[in-house]
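What follows is a set of notes on a single structure, which appears directly below.
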Amino acid sequence: MSGAPSARSLLAVMGSRASFLRLLTITAAIVVVFGVLRPTVFLSTSNLQFLGLASPELALLSLAIAVTMLTGGIDLSVVAIANLSGIVAGTVMIASGGSAGGVVAGSLAGLGAAMLAGAVNGAIVAGLRVTPILATLGTAQLLGGIGLVLTGGTAVKGLPPLFTDVARSTVAGVPVVFLLLLAVALVLTLLVSRTTLGFRMRMLGANPVAARYSGVRSGRVLVSTYVTSGLLAGVAGLVISSRASGADADYGTSYILLGIVVAVLAGVDPEGGYMTVAGVVIATLALLFLSTGLLALDVSSHVVNIAQGALLITMMVVNRYSGAWSRAVRERALVRIARPRRA
Amino acid sequence: MADVMAGTTAGTASEPTAPVVAARSLTKAFGGVLALDAASTAFSAGEVHCLAGENGCGKSTLIKILSGVHPPTSGTIEVGGSSYGHLAPRQALDLGIEVIYQDFSLLPNLTAAENIALPSFLTHRRRFVARAAVDAIAEQAVARLGVDLDLRTPVGDLTVADRQLCAIARALAHDTRFLAMDEPTTTLTWREVDALFDAVRRLRDDGVAIAFISHKLQEVFSIADRVSIMRNGRIVATGRPEEYTHSSLTESMTGRATSALARETPTWRDKPPALEVRGLERLPLFTGVDLAVGQGEIVGLAGLLGSGRTEIAEALAGVLPATSGTVLVRGRPTRIRTVTDAVEAGIGYVPEDRLTQGLFLDQPIGDNVLATGIGSFARFSVTRPQRMARAAAGIVHSLRIKAASLQDSIRTLSGGNAQRVLIGKWLIGRPKVLILNGPTVGVDVGSKFDILSLLHAESLKGLGVLIISDDLPELVSTCDRVLVVRNGRVVSEVDRRDLTEKALLEAVAA
Ligand SMILES: Nc1ncnc2c1ncn2[C@@H]1O[C@H](COP(=O)(O)OP(=O)(O)O)[C@@H](O)[C@H]1O
Ligand SMILES: [Mg+2]
């Protein structure tokens with residue numbers, strides 16, 4: 001790699017699609033509007049720190065969903081995997097008495113469980129050829145059940161302070177978990193745009209038949225994809241249990257829907273063939289800006305839900321319409337060519 | 001309908017009659033693109049007038065101006081002796097000008113009979129339509145056309161060929177004086193093309209002036225009474241087909257000499273064959289298949305649809321592997337169970353259906369070219385963008401793919417360029433054998449010529465090429481020999497010395 005990256009390659013990494021620029025515009029608009037309406041609350045350090053603490057778990061779960069969308073799939077089990085990861089990690093940490101070694105071992109065990117769960121998803125999707133939406137809905141249920149059995153239905157409590165302090169610490173005012181998110185995002189960006197696996201994931205999502213004729217081993221690629229997704233969800237699980245000082249088998253089920261919202265908002269193509277890591281991180285922030293901004297205006301949390309839903313639908317309509325526009329023009333031309341039906 | 005044909009003699013156009021429709025110095029600019037450049041031509045009653053030329057030379061634009069879709073930038077349209085600066089679509093229709101586009105503009109939910117008859121009711125401003133009247137009109141039209149068409153079937157359920165016949169019957173039911181058909185045979189099999197041509201000839205003998213657009217030479221020769229060749233928006237030559245040969249027509253269309261395709265057999269006989277297959281079997285698709293392709297040899301694989309030729313190719317490509325048999329690549333035995341096995345053995349396969357099996361339409365051209373060989377542009381699985389870009393640019397350049405940027409999606413390319421991307425995707429990995437299934441289907445003459453010369457050039461470097469094709473002239477002009485497949489077996493071989501279209505047709509149909 002010599003010389004400065006061209007504007008084109010930079011755009012390629014950032015996601016050159018118009019949807020990415022729209023996302024930036026919307027995010028900026030949200031920040032400006034609430035910044036003007038409630039500068040003291042919205043732009044306060046405590047609000048920004050809250051965002052820095054709250055965004056990583058949602059962003060990680062959204063990324064976990066987005067990588068599967070890149071291959072034309074989806075992972076509905078990310079929250080269940082995150083919870084399982086937290087439960088396994090917490091259980092190991094508590095069992096090992098809260099030592100530094102125990103915290104590391106627990107974290108690795110949690111991530112291992114998450115990757116194993118991802119491998120199961122991959123095996124069902126690739127080996128048994130079950131559609132991803134059904135396969136992961138099934139494993140979500142299964143993993144939730146395993147979590148309940150492991151915990152006996154109660155939350156895992158009393159995690160070692162060494163572990164829970166991570167979520168509380170900051171570097172130069174920035175929460176450590178947010179820095180962790182940025183590091184993961186960087187690695188994932190490289191995985192997606194600079195490895196053969198990322199390349200093949202994109203090709204498989206873009207056209208599975210052509211991928212097969214091109215010699216892409218779709219089974220391997222899919223298993224790797226779902227393991228990656230599981231790992232991301234596992235990291236999210238550790239972040240959650242560190243922040244919440246505990247782990248629970250039915251924590252955060254609303255994150256599934258929110259994660260899909262974020263991915264679509266980011267412009268990730270649910271049909272496969274395109275994803276943007278930077279876009280997902282920004283979309284997470286946009287969504288959280290919107291909710292904290294509205295809460296700063298003292299509206300009820302129902303209004304926040306409505307606004308989030310409205311934002312998603314608006315983005316989808318805009319994305320669809322801009323893609324469909326050229327098609328509509330073509331169709332109109334065809335109608336003109338076709339026989340006039342009326343005098 | 002009587003008034004329509006008055007004064008014209010049907011059939012043999014021994015003496016040119018006054019044209020039904022004529023273009024007088026028509027020019028059309030789209031922004032900066034000059035799609036038509038002072039084109040003048042005339043279409044006479046009872047004559048099939050072929051417009052031939054490479055993609056983008058302005059054939060469709062000419063027809064669209066004559067039928068009122070586009071107004072010309074300058075020039076006039078003459079219909080039945082009157083001049084028009086431009087026509088409105090409705091006006092063109094009322095003057096008896098009809099165009100059959102590739103999508104036929106039929107209504108899929110109505111039956112064939114309704115599609116055929118309704119327009120004539122509409123022009124007569126009838127609001128209530130009796131079923132019996134509809135059937136009568138449709139039956140009459142179909143009978144005149146001499147075709148067998150199930151009139152009760154919704155058009156959406158008809159085959160493409162039958163839909164086409166339906167569109168022609170509709171033209172017939174509607175007092176059409178000038179019928180333009182824009183590349184009507186693109187999606188038809190050759191049997192269907194025969195049926196279509198019979199219908200077109202009947203229409204001609206009925207006194208209709210016909211403009212037939214095609215870039216397939218074979219078709220031009222078999223249907224045309226007159227042929228006009230277009231290049232870069234101009235009509236560069238007009239004449240009777242007898243005045244041309246395949247190569248003079250191609251040269252006139254492309255402006256390039258064709259002699260480059262004539263070849264000596266360069267097979268490297270002293271080397272092991274690029275591909276040798278013995279006893280390949282996958283029941284019930286094919287069995288006992290023996291074949292060999294020498295290094296530097298181009299071998300054709302001919303056979304009817306369903307003969308098993310595609311299945312044999314896909315078995316060698318690892319898409320649907322054979323259950324038994326021996327495959328040797330340059331003398332080395334290889335087992336092919338997956339596409340990856342085939343890739344690793346050095347066998348490339350350009351599939352039949354470019355759009356769904358071959359290309360990633362919304363992905364960049366550069367990534368499409370690298371889709372198969374990406375592994376060799378990575379170290380420890382980390383891709384090397386500069387090498388990738390250099391390799392992709394090299395292939396795009398050497399295959400003369402016309403693209404503004406490697407980042408553009410495949411959708412921006414024409415059929416010929418997209419096909420070259422697909423071939424480039426394999427060539428980049430330096431295969432030992434390249435199998436191509438219908439390499440020039442839907443590709444214009446110029447590109448077709450370029451693609452075949454490209455295969456020729458690659459074969460000279462030692463590549464073994466196996467071409468599956470329905471296009472017999474293409475097999476004749478390109479191959480060193482042709483193997484004929486029937487019922488899943490290679491049943492005969494036509495050698496270079498005996499390789500003519502006629503011999504091939506007999507061998508395939510035997
Ligand atoms: N609606 C249009 N807008 C802009 N350019 C067009 C349009 N239609 C055709 N062209 C251009 O005009 C030229 C001739 O096109 P066309 O008549 O479709 O060629 P052909 O039918 O011979 O393949 C091409 O360069 C094409 O890109
Ligand atoms: Mg055209």
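The sequence lines fix the lettering, A, B, ..., with proteins before strands; numbering per chain opens at 1. The shown structure was predicted, so the numbers you read here are calculated from the model rather than taken from an experiment.
- Between the side chain of A:Arg194 and the backbone N or O of B:Val382, no donor-acceptor pair lies under 3.5 Å.
- For the residue pair B:Thr383 and A:Thr196, the shortest heavy atom distance occurs at CG2-N, 3.7 Å.
- Using a 4.5 Å cut-off between heavy atoms, B:Ser381 contacts chain A through both its backbone and its side chain.
- Closest approach of A:Ala206 to B:Phe360, counting heavy atoms only: CB-CD2, 4.0 Å.
- Proximity to chain A is absent for every atom of B:Asp353, based on heavy atoms less than 4.5 angstrom apart.
- In plain terms, the two heavy atoms of B:Gly375 and A:Arg200 that are nearest each other are N-NH2, 3.7 Å.
- Both the backbone and the side chain of B:Ile374 have a heavy atom closer than 4.5 Å to some heavy atom of chain A.
- Looking at heavy atoms from C-beta onward, B:Thr372 lies out of side-chain contact with A:Tyr213 at the 4.5 angstrom threshold.
- Closest approach of B:Lys425 to A:Ser214, counting heavy atoms only: NZ-OG, 2.7 Å.
- Contact of the A:Arg217 side chain with the B:Thr338 side chain is not registered, since no non-hydrogen atoms from C-beta on lie closer than 4.5 Å.
- By the 4.5 Å heavy-atom criterion applied to side chains, A:Asn207 and B:Leu361 are not counted as neighbours.
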side-chain contact (heavy atoms from CB on, under 4.5 Å) between B:Leu370 and A:Phe199: does it pass, once the steps are laid out?
-> CA-CA 10 Å; B:Leu370 296 164; A:Phe199 185 93; 4.2 Å; yes
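- Using a 4.5 Å heavy-atom cutoff, the side chains of A:Arg202 and B:Asp367 are in contact.
- Proximity to chain A involves both the backbone and the side chain of B:Gln357, based on heavy atoms less than 4.5 angstrom apart.
- A:Leu134 CG: more than 12 foreign heavy atoms inside a 6.0 Å radius.
- Contact of B:Leu355 with chain A is made through the backbone alone, with heavy-atom distances under 4.5 Å.
- Contacts of B:Ala371 with chain A are made by both backbone and side-chain atoms, with heavy-atom separations under 4.5 Å.
- Interface summary for chain A: among B:Glu344, B:Met388, B:Arg384, B:Glu314, the most heavy-atom pairs under 4.5 angstrom belong to B:Glu314.
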